[in-house]
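From a predicted model like this one, the values you see are computed outputs, not experimental measurements.
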Amino acid sequence: MVLLHHVENFFRAYSRVKPTVQKEAAGGCAVIESVLWDAVPSYLRKLDAQCRVTLGKKLPVDAAPVKFASWIGGDRDGNPNCTPEVTVEVVTHQRLRAAKLFLSDLNELYSELAISSRFSKELEELAASVKQSDDAREKYRRVIGHLRKRLVRTIKECEYKLHSLSDSAIHFVSAEKTYGALEGWEDVEPIMKSDDLMTPMRIIYDSLVQTGFELVADGLVSDIIRRIAVFGMTLVPLDIREESTKHTLALDAITRYLGMGSYKEWDEEARLNWLQSELNNKRPLFRIRDIEQNILRLDPDVKKTLMVFKIASELDPESLGAYVISQGQTASDVLAVMLLQKQFGMTKANGKLMRVVPLFETLNDLTNSPQQLEKLFSMTSYVGSINGKQEVMVGYSDSAKDAGRLAACWAQYTAQEAMAKVAGKYGIELTFFHGKGGTVGRGGNPALYRAILSHPPNTINGRFRVTEQGEMIRQNFGTKEISERSLDIYTSALLRESFTKRVEPKQEWRDQMDRISEISCAAYRHTVRDDPRFVPYFRQATPELELGRLNIGSRPSKRNPKGGVESLRAIPWTFAWAQTRMHLSAWLGVGDGLKSENEEDKRILREMYEEWPWFREIISLISMLLSKTDFSITKNYDDLLVDPDLMSLGNEVRNKLVETRQAVIDVSGAKDISGPHVQLMRASSIIRNPYVDSINVVQAEILKVLRNMPEDDSPDLTPELKAIKSIRNDALLLSIKGIAQGMKNSG
């Protein structure tokens, strides 16, 4: 019975209903509440201690060497479920949870600070400004009590706003019963900005230090200050992400309405000239109320795009972070977002201007990215609006899906080098935002320390922004101890990168990478793009189609539901191949690029592996993924699921896998494909494979049976068959989860 109970709970853990964006955002907040809220102050306490020992100086108590952000609730790239209304709901809920967390901290601090003498002058003045309080002598409590009331007011206002959203998908416990005892909250102002809480907490801290209570100051008071510095009153600022074509269509609708022609049909030079002219023009393009009243007769999607800016303009600036432009290609893509922000009153002067971050994803976009930055930085008005700072997001997932692993890696390397030089030329502080996933095929690296040190020289400079997604959040921030360890690794790697001379690639290494990239990209695209058998083979041999129907995330698996592999998101593309143990997305084209009959090429490749950390890390990661591939498992999927006329492609792919394994071994000089991971992989395989192998076999059988059942809208699907199909879908989902956990870096 106990075993049956556990199995039943295991099945219940997987919902038959697709999660909403709000629930995903709540899950992200839960990581902060349950783990990071305690892990971050503990990490900073250790860092402070190390600074005292090593440097003889304290870490400033309000220092925030690490910051967190999220785009769950703001990422509308191909996700119709992420509406402007959802963004408001998520932001409000995050502020609510932050206020509750700080209130809990201040409740504890109130009970601790029962000090009735020895206060600094600033603390005396602050306490005197609190008009109504029962704490006459205990002035720390007088100040803290007032802050508690303000936080209760903040909580009440957030709750009221969430209640006003009639279709709110977020549920919470009202503060009425919990905080009703704090009378007088109606007469105070809510705390909306971090400084409203930071300033009095700093006065309390300084007063304690100045009056001989430094040990008390270094306790909970310091922890609260550090939490304010890192999390603020919004828990995490929300990034917004939207595809560049959405902004193009919005401006096209506006220029057509104004009788100026079609913005979409203008060339890049015409777009830039018009955008610069309008950015320098104080006159708005249209009245905002004209959108709400639909006087402009906008397409619903265009209206939705513009309403995002309206909503953003109404939110507190601390609630928002960056505006990321996916599929970024040109300088006009950046100026388009700048103009739309200006139209809705989001300017540098009022502090509401969001930093605009182009995301260069494909091979061509990465190659052309330095030229686009050159155009932007040559515009005086643009440079003046960004305060000498620019952020650029580098797409690892989609570039690898576009060109294959080796070509994408080299394009990312050279693009970052070139963009850093352009920024240096114009005196711009450039920060790269690395859009990596968990798996190697999406730019991930389980060896976090080595991953940071393998970035191109002079591109980090003490600033490093990276995405943590999916299973990587649990892996790197699943518990307090693991979170502290991950933050320690980030810090030590960035410090070493800043103070260690990096290896600059020789010209012959660069020439070799140019050759490898060209050959590997051509081989990859020949299979994925040019071979008419590939798409049907991919959809038959993997659970790609089924992944789109499973309730794993709120986003659709494709940006364009009617598109092929090119429209498929990088996560299901990689995830599908990991499920069948082929891992094709991580190695296809690699063997073609590495193998050579020329002895000089072989010598240079060996030299690159031994002397160039960046190249060695790439080969090491590919070898690790290759060691996880399994011929018998992948062939079993083919035998059960693939049409006979497509079987030949499966055999060809497996032959390429053999060639790639040998090519990697030749370059690394290892005796085993696992390379430096050989001992770990052998131990892991002994434990893991007996379990994962059986799950793979079961999954292939489930896929075969499900694909032979009637479609959901078919009249042949009787109630009995529908119930059976539901159970089999549950089994399929469990098999997907099981294989993903067994493979570890799967998506």
Side-chain angles (χ1 to χ4, degrees), residues 47 50 54-55 65-66 360 366-367 369-370 373 389-396 399-400 405-436 440 443-467 486-517 594 603-624 667-669 675-676:
L47 186 60
Q50 191 61 51
T54 308
L55 305 176
V66 60
F360 299 112
L366 285 166
T367 303
S369 58
L373 289 193
K389 296 180 180 181
Q390 178 67 54
E391 186 176 321
V392 172
M393 188 169 183
V394 179
Y396 288 74
S399 58
R405 175 70 176 157
L406 282 181
C409 286
W410 185 233
Q412 292 151 13
Y413 189 100
T414 55
Q416 289 178 64
E417 276 188 323
M419 283 190 279
K421 289 178 181 178
V422 172
K425 173 183 173 182
Y426 289 92
I428 303 295
E429 182 182 287
L430 182 63
T431 300
F432 287 111
F433 181 9
H434 302 277
K436 299 185 179 187
V440 173
N445 187 339
L448 181 57
Y449 186 82
R450 295 203 311 269
I452 293 173
L453 292 177
S454 65
H455 279 80
N458 306 314
T459 60
I460 293 181
N461 301 319
R463 302 179 300 276
F464 188 76
R465 194 169 192 232
V466 67
T467 54
S486 296
L487 294 173
D488 289 344
I489 292 172
Y490 271 119
T491 306
S492 59
L494 284 170
L495 288 172
R496 182 176 177 186
E497 196 278 337
S498 299
F499 295 102
T500 303
K501 182 174 175 56
R502 305 289 305 286
V503 175
E504 295 277 358
K506 302 176 183 178
Q507 186 56 49
E508 62 180 4
W509 296 356
R510 292 179 179 276
D511 294 340
Q512 197 66 219
M513 283 308 305
D514 289 338
R515 180 190 70 82
I516 291 172
S517 297
L594 293 179
R603 182 195 66 77
I604 295 174
L605 286 172
R606 282 290 300 146
E607 181 182 270
M608 290 163 62
Y609 182 83
E610 292 172 358
E611 299 180 16
W612 191 9
W614 176 82
F615 184 72
R616 182 168 59 251
E617 197 63 22
I618 289 174
I619 298 301
S620 174
L621 287 170
I622 291 172
S623 69
M624 182 265 289
V667 170
S668 66

Residue pair Leu406 / Trp410, side-chain heavy-atom distance below 4.5 Å: no

Nearest heavy atoms of Pro505 and Arg510, plus distance in Å: CG-NH2, 3.4 Å

Beyond-backbone contact of Ile619 with Leu594, side-chain heavy atoms, under 4.5 angstrom: yes

Non-hydrogen atoms of Leu453 and Ala493 that approach each other most closely: CD2-O, 3.7 Å

Rounded distance [0.5 Å steps], OG in Ser620 versus OH in Tyr609: 5.5 Å

Gap separating the CD atom of Glu391 from the CD atom of Glu429, nearest 0.5 angstrom: 11.0 Å

Atom pair NE2 (His455) and CD (Glu417), whose distance is rounded to the nearest 0.5 Å: 12.5 Å

Rounded distance (nearest 0.5 Å) linking atom CD of Glu497 with atom OG1 of Thr459: 6.5 Å

Over all atoms of both residues, closest heavy-atom pair of Gln412 and Gly395: NE2-O, 3.8 Å

Smallest separation among heavy atoms of Ala423 and Leu430, with atom names: CB-CB, 3.7 Å

Spacing of Thr431 atom OG1 and Arg463 atom CZ [to the nearest 0.5 Å]: 4.5 Å

Aromatic plane relationship, His434 with Phe432 - under 30° parallel, 30 to 60° tilted, over 60° perpendicular: tilted

Check: Leu605 and Ile516 side chains under 4.5 Å, non-hydrogen atoms: yes

Beyond-backbone contact of Phe464 with Ile452, side-chain heavy atoms, under 4.5 angstrom: yes

Validation row: Met393, Thr467 side chains within 4.5 angstrom (heavy atoms): yes

Value rounded to 0.5 Å, distance of OH in Tyr449 from CG in Leu494: 10.0 Å

Aromatic ring pairing Trp612/Trp614, orientation class (parallel under 30°, perpendicular over 60°, tilted between): tilted

Any residue meeting side chain to side chain contact (heavy atoms under 4.5 Å, CB included) with Glu607, in chain and number order, not counting sequence neighbours: Lys506, Glu508, Trp509, Arg603, Glu611

Close side-chain approach of Glu504 to Asn458, heavy-atom, < 4.5 Å: yes

Residue pair Arg405 / Leu621: nearest heavy atoms and the distance that separates them: NH2-CD1, 4.1 Å

Sidechain-backbone polar pair: Ser454 side chain, Ala451 backbone, donor-acceptor under 3.5 Å: yes

Minimal non-hydrogen separation, Pro457 against Val503, with atom names: CG-O, 3.7 Å

